Amino acid sequence: MGNIRVLERSVIERIAAGEVIERPASVLKELIENALDAAADVITVEVSEGGKKCIRVTDNGCGMDAEDAKLSIIRHATSKIKSDNDLWSIASFGFRGEALAAASAVSKFSIETKLASGKSDGIKIVAMGGEIVEQGHFGCPAGTSVVVEDLFYNVPARLKFLKSDHIEFNHIVEVFQQAALSHPSKRFELLRDGKQYMVFPVRPDPKGRIADVFGQKIKEEALFTVEEHADDYSLQGFVAHEDYSKAQAKYASLFVNGRAIKDKSLLHAFSSAYGERLAHGRYPLGVLFLELDPSLVDVNVHPQKREVRFSEPSLVYDFIKSSVRKALSFKPQEEFQFSAAHVSPLNTRDETERSYEKKTVAHVEKRNVFSSPIFSQKEKVYPLAEANSFEPLQQQMHHDASLELPLPGGNVLSDVDVLGQFDRTYVICEASGSRLVLIDQHAAHERIGFDLFKQQYEASRIEQQQLLLPETLELGLEEASTLLEHLHLFPRLGFEIEPFGERSFVIKAYPSLLKVSSLPSLLEQIVHDLSQFGQSAALEQSLDRLFATMACHRQIRGGDQLSSLEMQDLLRQIKEGNVTHCPHGRPILIVFEKNEIERRFKRV
Ligand SMILES: Nc1ncnc2c1ncn2[C@@H]1O[C@H](COP(=O)(O)OP(=O)(O)OP(=O)(O)O)[C@@H](O)[C@H]1O
Ligand SMILES: [Mg+2]
């Protein structure tokens, strides 16, 4: 007798269910999507014990009649598509007809539903492990309420993999917020163990909802509008200034035809639009809605429908990157007005400075030096080390002090004139001995800040600035508990922070070297680093990394236009500090010798 046998139906159902339902948050995603497909505009979610004990989603959508309610938990039963042709024109979240079947196969499950149209009674269906055990008339309002209790009660292997209530609840919140982000015109409410936890009221525009979801603290002027339309694609949404960047990718929300997706390539397109403005290991904060003809995207890639395949992936990548980059190139103040025509950026500097900049930039442009291949070769770059971790960072800092090369810092800059700024990133100078010097303004400023922090910390006197109006910092539950655990370390770093509720903190004072607007993202980064360092004892050995993070949040960035005075001041500080590299090991300046330039022009 052969060894092969067809599995029992209940085993098949459980295997299939495992692909769709991984944890409580996957149940919630499916139930919310069903409510949205049913055109509900009020969706209430109740969870207990992180969703492991119970998840109930109640909506005021179209509801079902008795026959449909019974069919809804049968695998491959759906009202959303009829044939495989429909797979290429999907306008609903669901189409596989398996979410309720999967959820009911691995839980104690019930549906209470009543058609919004017609006069039929409500109905209730109760199922255990996928089998209907009870059904009958039920008095309920129009709409649907689905309850999933004791998830994986019959799949102990899966149950073991679930994390603490706290972590599972964080996943629930993420799913809930994603749904709310893409549907500002609907009301969403989340109750945790019987108490209201989060509520998103109806908002006429997506921007209001973004503020609700990410916290009111994103200043409106730091949100840039993305609005691009090409032949087959359109991209809309909002992206935040890099000061609001996050240590986790989950704040960069991407929706394709309304569906929240996780896609590394699109995330990369989104992040790389910020270029140098985004520090290493940071992700942008923003919400992007890509709309395209359904025939150009396959959503039937994964049972959880989190992934999609594009027919023209590189076109989509370029479209996202260039659209976000374009949005970021406008001054936020303009965006604030949401004018249709984007005109040239506001310039708040005084006339003298402006004419200086015009002159110097024109001077450089006329020579057009930067399009010359000379700069892609042979330039003298002072030693560059990779520094993605704390170890090499420390080594580089020590290495700097003993550079054997002719010191580019103080020496090269002993007699220099500032010519102008290139690409709002590099300061161009003419140095004695007929040398052209390019300074990376962000790298320079970071290093200067790093040294200052270090000096002040070692002398136990980090200069502190009180906030007139304390800022509140809202963190995820895990991050909040990490901060709470390490809170005693912050006064010496120049912060005065107090806990305020379960996930909130009040910042009362901060190191005056920092930029106020970057405090929340900096603190998030520090908290993230702390969770990596583990023991608080390790912090002492990780201070260089911490100072580097703090230095990264000072005033001048790549992408900032500098006045002549600011450029002169930067030069002065580089000279005084005699610095050569940023805390991450990148060079601060590059020197081009005149004879090298002449050789390139074939003058010699
Ligand atoms: N909240 C609801 N309101 C009204 N009808 C619903 C609701 N939830 C489910 N249904 C009905 O039950 C059917 C089965 O739901 P289920 O989620 O299992 O599959 P689906 O949404 O069609 O596809 P998918 O498996 O991709 O989610 C749906 O097609 C829909 O007709
Ligand atoms: Mg569904």
Side-chain angles (χ1 to χ4, degrees), residues 13-22 25-46 55-84 86-107 109-118 120 122-127 130 132 135 138 140-148 175 178-179 183 186-188 256-261 294 297-308:
E13 304 267 299
R14 266 182 232 171
I15 292 173
E19 291 186 334
V20 182
I21 308 296
E22 198 188 331
S26 12
V27 173
L28 181 64
K29 173 186 167 290
E30 296 298 337
L31 298 186
I32 291 184
E33 287 187 353
N34 280 346
L36 291 168
D37 282 344
D41 53 21
V42 178
I43 298 172
T44 306
V45 176
E46 295 161 78
I55 300 175
R56 177 192 281 268
V57 175
T58 305
D59 68 57
N60 66 345
C62 62
M64 286 177 271
D65 65 15
E67 194 188 334
D68 278 355
K70 277 185 265 172
L71 275 175
S72 70
I73 61 164
I74 306 287
R75 197 140 67 94
H76 307 311
T78 180
S79 58
K80 297 172 192 174
I81 58 169
K82 289 197 172 77
S83 70
D84 63 348
D86 297 340
L87 281 174
W88 295 101
S89 55
I90 289 170
S92 52
F93 288 110
F95 57 89
R96 298 171 62 103
E98 60 185 4
L100 293 189
S104 65
V106 291
S107 71
F109 181 93
S110 69
I111 297 182
E112 298 153 16
T113 185
K114 183 172 184 297
L115 278 179
S117 58
S120 60
I123 176 161
K124 178 168 180 169
I125 286 176
V126 181
I132 295 181
Q135 55 184 302
F138 188 74
C140 59
T144 304
S145 189
V146 177
V147 182
V148 173
V175 165
Q178 291 275 315
H183 295 85
K186 301 179 191 266
R187 182 184 198 278
F188 287 82
V256 173
N257 289 345
R259 191 185 298 281
I261 59 145
V297 57
D298 186 357
V299 287
N300 188 22
V301 174
H302 190 272
Q304 292 180 17
K305 296 164 283 185
R306 279 283 196 186
E307 291 167 30
V308 293

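Keep in mind the model is a prediction, meaning the values are calculated, not measured. Counting convention: from 1, in listed order, for ligands and their atoms alike. By convention here, the first residue in the shown sequence is residue 1.
Nearest heavy-atom pair across Gly94 and Asp37 is N-OD2, 2.8 Å. Shortest non-hydrogen contact noted between Ser72 and Met64 is CB-SD, 3.9 Å. Of all heavy-atom pairs spanning Val20 and Ser26, the tightest one is O-CB, 3.6 Å.
Although no hydrogens or angles enter the test, the distance criterion places a donor-acceptor pair under 3.5 Å between the side chain of Asp59 and the main chain of Thr144.
Side-chain contact check for Asn34 and Lys80: at least one donor-acceptor pair (N or O, by modelled atom type) lies under 3.5 Å. Donor-acceptor pairing under 3.5 Å is lacking for the side chains of Arg96 and Thr78.
Within the protein, the N, O or S atoms sitting under 2.8 Å from the Mg ion (ligand 2) are Asn34 OD1.
Within 4.0 Å of ligand 1, the residues that place a heavy atom are Glu30, Asn34, Ala38, Asp59, Cys62, Gly63, Met64, Ser72, Ala77, Thr78, Ser79, Lys80, Gly94, Phe95, Arg96, Gly97, Glu98, Ala99, Leu100, Thr144, Lys305, listed by chain and number.
No side-chain heavy atom of Leu115 sits under 4.5 Å from any side-chain heavy atom of Asp68. Side chains of Ile123 and Phe138 form no contact here, defined as non-hydrogen atoms less than 4.5 Å apart. Counting heavy atoms from C-beta on, the side chains of Val146 and Phe109 come closer than 4.5 Å.
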